[in-house]
Amino acid sequence: MPVLPGAEPFRHEGGEVGVLLCHGFTGSPQSLRPWARYLAARGLTVALPLLPGHGTRWQDMQATGWQDWYAEVDREVRALRERCARVFVAGLSMGGALALRLAARHGEAITGVMVVNPANRMHGVAQHALPVLRHLVPAAKGIASDIAKPLGRELGYDRVPLHAAHSLRAFFRVADGDLPQVTQPLLLLRSPQDHVVPPADSARILGRVSSTDVTEVLLEQSYHVATLDHDADRIFAESVAFIGRLAPGSVTEPEPGLGKEGATAGG
């Protein structure tokens with residue numbers, strides 16, 4: 001199936017500091033493209049891949065699982081490691097869980113981690129019903145576009161494929177077990193008003209990682225997809241400050257044509 005317009009991956013060859021961005025479950029690079037362009041405009045090398053089964057139609061996700069999604073970001077981070085002197089990983093929602101596992105597995109090769117409304121587990125009836133329900137019903141109501149900003153829209157599926165959701169449930173257990181191996185500096189940004197991922201997920205992540213350099217930022221004006229919401233510019237600015245602190249000299253003045261204002265660049 002062809003990739004939906006706007007869901008294409010994004011890559012930019014910049015300096016010797018690289019950033020991998022990981023999008024969320026049933027989402028696409030569109031949700032992180034303004035962030036990617038903001039980082040690229042400041043001289044950083046950026047990779048924002050399209051995860052397998054995403055960005056086309058929800059039925060395509062039924063044949064994929066967490067091993068496919070993780071393998072894709074793992075390949076990308078290894079490519080950045082070959083190209084860059086320092087590498088940061090970042091993600092939204094499930095992408096945050098992917099980024100944290102990359103940090104746990106790659107250790108000192110990752111300089112820092114940045115996550116926005118990271119997901120850590122499934123809650124409610126879904127976590128118990130999925131093993132059986134996925135064989136009876138192919139999909140459930142979608143979770144895309146939880147955005148406070150008027151006319152804000154996330155390019156994601158309007159249905160959640162349940163075989164893929166069952167795999168995501170398994171991934172959360174794996175990723176949670178890896179959290180104590182995360183020792184890198186961590187920037188965690190979360191929305192108190194999030195209708196997809198509850199505050200308990202961020203609290204558990206902060207309680208289980210071994211990082212000693214931890215910054216938590218509250219995004220008071222945004223819902224789950226905060227990278228496309230009212231606090232988007234704050235996310236972008238905080239991430240650049242975080243990178244600049246850990247990799248001095250890596251951030252430059254914005255490049256013309258790559259979007260000086262992150263929230264309005266790309267889509």
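Computed from a predicted structure; not experimentally measured. When reading the values below, keep in mind they use all heavy atoms of this one structure, side chains included, and skip hydrogens, waters and symmetry mates.
Cluster membership for V225 and L4, using ILVMFWY side-chain heavy atoms within less than 4.5 angstrom, is not shared. Put simply, L98 and L80 are part of the same group of oily side chains (I, L, V, M, F, W, Y) that touch within less than 4.5 Å, one to the next. One hydrophobic cluster, built from ILVMFWY side chains closer than 4.5 Å, holds both W58 and I143. By the criterion of side-chain heavy atoms lying less than 4.5 angstrom apart, applied directly or through intervening Ile, Leu, Val, Met, Phe, Trp or Tyr residues, L218 is not grouped with V116; the two fall into different hydrophobic clusters. The hydrophobic clustering, which links ILVMFWY residues whose side-chain heavy atoms are closer than 4.5 Å, places F172 and V73 together.
Atoms SG and CD, on C22 and E76 in that order, are 9.0 Å from each other to the nearest 0.5 Å. We find the CG-CG distance between N117 and D194 to be 4.5 Å, quoted to the nearest 0.5 Å. Within the model, atoms CZ of R37 and CZ of R42 stand 11.5 Å from one another, a figure rounded to the nearest 0.5 Å. Atom CG of L51 sits about 5.0 Å away from atom CE of M94, to the nearest 0.5 Å.
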Would you give me the side-chain donor-acceptor pairs under 3.5 Å for residues 180-189, sequence neighbours excluded?
| unit_1 | atom_1 | unit_2 | atom_2 | d |
| --- | --- | --- | --- | --- |
| Q184 | NE2 | A103 | O | 2.9 |
| Q184 | NE2 | G107 | O | 2.8 |

Could you list the donor-acceptor pairs under 3.5 angstrom formed between side-chain atoms of residues 159-167 and any protein atom two or more places apart in sequence or on another chain?
| unit_1 | atom_1 | unit_2 | atom_2 | d |
| --- | --- | --- | --- | --- |
| R159 | NH2 | A139 | O | 3.1 |
| H163 | ND1 | R134 | NH1 | 3.2 |
| S167 | OG | W66 | N | 2.8 |

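The environment of CD in E8 is crowded: more than 12 heavy-atom neighbours from other residues, nucleotides or ligands sit within 6.0 Å.
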Any chance you could lay out the side chain to side chain contact (heavy atoms under 4.5 Å, CB included) test for I147 and R153, step after step, and finish with the verdict? CA-CA 7 Å; I147 300 172; R153 176 178 174 268; 5.6 Å; no

Apply salt bridge (Lys or Arg N to Asp or Glu O under 4.0 Å) to residues R78 and D74 and explain how you reach the verdict. CA-CA 6 Å; R78 290 178 187 277; D74 187 69; 2.8 Å; yes

Checking side chain to side chain donor-acceptor pair (under 3.5 Å) for the pair S145/Y223: CA distance, chi angles, key distance, verdict? CA-CA 9 Å; S145 288; Y223 294 163; over 6 Å; no

Kindly determine whether K149 and L228 satisfy side chain to side chain contact (heavy atoms under 4.5 Å, CB included), including the steps that lead there. CA-CA 8 Å; K149 193 173 184 178; L228 296 177; over 6 Å; no

From CA spacing to verdict: salt bridge (Lys or Arg N to Asp or Glu O under 4.0 Å), E216, R190: CA-CA 8 Å; E216 182 181 12; R190 67 175 181 87; 2.6 Å; yes

Show your reasoning for whether side chain to side chain donor-acceptor pair (under 3.5 Å) applies to S239 and W35. CA-CA 9 Å; S239 65; W35 191 5; 3.0 Å; yes

Would L246 and D213 count as a side chain to side chain contact (heavy atoms under 4.5 Å, CB included) here? Give the steps. CA-CA 11 Å; L246 298 174; D213 181 344; 4.2 Å; yes

Take F10 and H12, measure what side chain to side chain contact (heavy atoms under 4.5 Å, CB included) needs, and give me the verdict at the end. CA-CA 7 Å; F10 175 93; H12 175 75; 3.9 Å; yes

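The shortest side-chain heavy-atom distance between I243 and S250 falls under the 4.5 Å cut-off. The side-chain heavy atoms of H54 and M61, taken from C-beta on, include a pair separated by under 4.5 Å. For the pair D229 and Q221, the minimum side-chain heavy-atom distance is 4.5 Å or more. Contact of the F88 side chain with the I110 side chain is not registered, since no non-hydrogen atoms from C-beta on lie closer than 4.5 Å. The shortest side-chain heavy-atom distance between V87 and V19 does not fall under the 4.5 Å cut-off. Taking the side chain as every heavy atom from C-beta outward, V113 and V115 approach each other to under 4.5 Å. Side-chain contact between L50 and E72: absent, with no pair of heavy atoms (C-beta onward) separated by less than 4.5 Å. When side chains are defined from C-beta on, P9 does not count as touching L48, because their heavy atoms never get closer than 4.5 Å.
Between R57 and D60 there is a salt bridge, since at least one side-chain N of the basic residue sits less than 4.0 Å from a carboxylate O of the acidic one. The residues R86 and E16 are annotated as not salt-bridged, no charged nitrogen and carboxylate oxygen being separated by less than 4.0 angstrom. D201 and R121 are not joined by a salt bridge, as no carboxylate oxygen comes within less than 4.0 angstrom of a charged side-chain nitrogen.
Evaluated for a side chain to side chain contact (heavy atoms under 4.5 Å, CB included) with L39, the options V251, T45, L44, L32 yield exactly one hit, L44. None of S191, S31, S93 except one satisfies the side-chain hydrogen bond (donor to acceptor under 3.5 Å, both in side chains) rule with H224; the exception is S93.
Side-chain N/O atoms of Y157 and T56 include a donor and acceptor closer than 3.5 Å. With 3.5 Å as the limit, one finds a donor-acceptor pair spanning the side chains of R81 and H106.
The backbone N or O of G53 sits nowhere less than 3.5 Å from a side-chain atom of T64 that would complete a donor-acceptor pair.
Listed by first then second residue, pairs satisfying salt bridge (Lys or Arg N to Asp or Glu O under 4.0 Å) with a partner in residues 89-112 read R101-D178, not counting sequence neighbours.
In this structure, Y70 and F171 have tilted ring planes: the angle between them lies in the 30° to 60° band.
Nearest heavy atoms, A41 versus T252: O-OG1, 4.5 Å. When all heavy atoms of L219 and A226 are compared, the pair lying nearest together is CD1-CB, 3.6 Å.
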